[in-house]
Amino acid sequence: QVQFVESGGGLVQPGGSLRLSCAASGFTLGYYVIGWDRQAPGKEREGVSCISSSDGSTYYADSVKGRFTISKDNASDTVYLQMNSLQPEDSAVYYCAAREIWRSCQEVYEYYGMDYWGKGTLVTVSS
């Protein structure tokens with residue numbers, strides 16, 4: 001069973017930055033995609049960003065391109081999401097998510113979906 005320890009959420013002013021961390025454990029296949037989904041009140045959950053362990057390729061939702069950066073510690077199953085230029089519309093619960101699959105993140109979001117999610121960390125962008 002894949003499990004996550006998420007951290008880094010909080011309250012930040014518009015234009016500010018936050019860094020989310022997700023330490024994952026329990027992968028058995030040796031290859032997977034891992035990233036972040038988010039869900040704002042009254043909205044559907046959406047994929048924000050993802051990185052593939054197989055080739056390091058990444059995915060970003062159009063709404064966060066150029067502002068968010070995902071990275072992974074290759075020595076551990078820990079993924080980070082650096083969020084800059086945050087706006088009120090970025091406010092949401094952010095969930096670490098993963099799937100053990102040899103596919104690109106784009107393919108996973110389009111055809112397969114994630115299999116595992118963490119408990120989430122709240123990000124609030126407000127003045």
Side-chain angles (χ1 to χ4, degrees):
Q1 182 75 11
V2 176
Q3 296 181 320
F4 307 99
V5 177
E6 301 153 312
S7 62
L11 173 65
V12 64
Q13 293 186 341
S17 299
L18 282 175
R19 189 193 194 207
L20 305 183
S21 299
C22 171
S25 61
F27 291 120
T28 60
L29 297 182
Y31 48 84
Y32 53 86
V33 297
I34 186 169
W36 297 89
D37 293 353
R38 70 184 179 186
Q39 187 166 23
K43 294 187 177 182
E44 293 186 356
R45 188 173 296 190
E46 63 170 341
V48 175
S49 184
C50 173
I51 187 166
S52 170
S53 72
S54 59
D55 62 2
S57 61
T58 57
Y59 164 89
Y60 296 96
D62 288 342
S63 59
V64 306
K65 283 180 181 177
R67 301 187 298 122
F68 291 11
T69 302
I70 193 168
S71 60
K72 182 179 174 299
D73 182 346
N74 289 327
S76 69
D77 294 327
T78 301
V79 65
Y80 305 96
L81 186 67
Q82 178 66 42
M83 305 186 295
N84 297 330
S85 301
L86 284 162
Q87 299 302 318
E89 52 265 35
D90 295 314
S91 297
V93 178
Y94 284 70
Y95 299 90
C96 193
R99 180 166 184 144
E100 293 188 275
I101 190 170
W102 188 276
R103 290 288 188 274
S104 70
C105 290
Q106 183 77 35
E107 289 176 294
V108 170
Y109 278 123
E110 287 190 12
Y111 303 115
Y112 299 96
M114 296 295 196
D115 269 343
Y116 303 101
W117 288 269
K119 294 181 179 180
T121 184
L122 179 64
V123 172
T124 304
V125 185
S126 175
S127 56

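Note: C50 SG to I70 CD1 = 6.0 Å, rounded to the nearest 0.5 Å. In this structure, OG in S126 is found 12.0 Å from CG in L86, a value given to the nearest 0.5 Å. Remark: R103 CZ to S57 OG distance equals 12.5 Å, nearest 0.5 Å. The OH atom of Y59 sits 7.5 Å away from the NZ atom of K65 when rounded to the nearest 0.5 Å. Remark: C22 SG to D77 CG distance equals 9.5 Å, nearest 0.5 Å.
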Test D115 against E100 for side-chain contact (heavy atoms from CB on, under 4.5 Å), laying out the working first. CA-CA 8 Å; D115 269 343; E100 293 188 275; over 6 Å; no
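Judged by distance alone, with hydrogens and angles left aside, the side-chain atoms of R19 form no donor-acceptor pair with the main-chain N or O of G8 at under 3.5 Å. Not a single donor-acceptor pair under 3.5 Å links the side chain of Q82 to the backbone N or O of T69. Using a distance-only test at 3.5 Å, with no hydrogens or angles considered, no donor-acceptor pair links the side chain of Q3 to the main chain of G26. E6 places a side-chain N or O within donor-acceptor distance of the main-chain N or O of K119, the cut-off being under 3.5 Å.
Evaluation of the ring pair (Phe, Tyr, Trp, His ring centres under 6.0 Å) rule for Y112 yields no partner, not counting sequence neighbours. For the ring pair (Phe, Tyr, Trp, His ring centres under 6.0 Å) test, residues two or more places apart in sequence or in another chain that qualify with Y32 are F27. With sequence neighbours left out, T58 forms a side chain to side chain donor-acceptor pair (under 3.5 Å) with no residue at all. Not counting sequence neighbours, the partners of T78 by the side chain to side chain contact (heavy atoms under 4.5 Å, CB included) test are A23, D73, S76, Y80.
Between S54 and S52, the side chains place a donor N or O and an acceptor N or O closer than 3.5 Å (distance only, hydrogens not considered).
The two residues A97 and M114 come nearest to each other via the heavy atoms CB-CG, 3.7 Å. Looking at every heavy atom in both residues, C96 comes nearest to V79 through SG-CG1, 4.2 Å. Here the shortest heavy-atom pairing between G118 and F4 reads N-CD1, 3.5 Å. Taking all atoms of both residues into account, the shortest heavy-atom contact from L81 to S49 is CD1-CB, 3.9 Å. The minimum heavy-atom distance linking S85 with S17 is given by the pair N-OG, 4.4 Å. When every heavy atom of V2 is checked against every heavy atom of Y116, the shortest pair comes out as CG2-CE1, 3.6 Å.
The other residues sharing a hydrophobic cluster with L29 are Y31, W102, where clustering joins ILVMFWY side chains under 4.5 Å apart.
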Can you list, pair by pair, the side-chain donor-acceptor contacts under 3.5 Å of residues 33-41, counting residues two or more places apart and other chains?
from: D37; atom 1: OD1; to: Y109; atom 2: OH; distance (Å): 3.1
from: D37; atom 1: OD2; to: W117; atom 2: NE1; distance (Å): 2.9
from: R38; atom 1: NE; to: E46; atom 2: OE2; distance (Å): 2.6
from: R38; atom 1: NH1; to: D90; atom 2: OD1; distance (Å): 3.0
from: R38; atom 1: NH1; to: Y94; atom 2: OH; distance (Å): 2.9
from: R38; atom 1: NH2; to: E46; atom 2: OE2; distance (Å): 3.1
from: R38; atom 1: NH2; to: S63; atom 2: OG; distance (Å): 3.4
from: Q39; atom 1: NE2; to: K43; atom 2: O; distance (Å): 3.1

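A 4.5 Å side-chain heavy-atom check between M83 and L20 finds at least one atom pair inside the cut-off.
Geometric assessment of R45 against the ring of Y95 yields a positive cation-pi assignment under the 6.0 Å and 45° thresholds.
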